[in-house]
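Each remark here refers to the structure printed beneath this line.
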Amino acid sequence: MTERDKQRLDELEMKTAYLMARQDEQTAKMHQITARLVYIEARQHRLMKEIGIDPEKLDTTEAAKADAQAINLLAIPEQRWN
């Protein structure tokens, strides 16, 4: 193996180590974000139960329509102000 080959191999090893460290950082950040989302989802679920909303009905089309209608009713007076 020539000196140039050794130098190139060292460069590639350094780049590989850098990329692996970056991947570890990204994985750690992903785990933090996932943990935050799980916390937020659990808190949202608990708050919805406290105010009397059934969290299981949120994924239905009827719930989406009712939410959209409520949002539209709130937006209409705001548009009239302008």
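- Atoms CD and NZ, on Glu13 and Lys6 in that order, are 12.5 Å from each other to the nearest 0.5 Å.
- Residues satisfying the salt bridge (charged side-chain N to carboxylate O under 4.0 Å, His left out) criterion with Glu3, sequence neighbours excluded, are absent altogether.
- Sequence neighbours left out, the pairs with a member in residues 35-47 that pass salt bridge (charged side-chain N to carboxylate O under 4.0 Å, His left out) are Arg46-Glu50.
- The line from CG of Asp24 to CG of Leu19 is 11.0 Å long, rounded to the nearest 0.5 Å.
- Within 6.0 Å of the CD atom in Gln23, the count of heavy atoms belonging to other residues, nucleotides or ligands does not exceed 12.
- Rounding to the nearest 0.5 angstrom, the gap separating the NZ atom in Lys29 from the CD1 atom in Ile33 is 8.5 Å.
- Atom-to-atom distance recorded for Leu47:CG and Ile40:CD1 is 11.5 Å, nearest 0.5 angstrom.
- Within the 4.5 Å cutoff, side-chain heavy atoms of Gln7 are placed close to those of Glu11.
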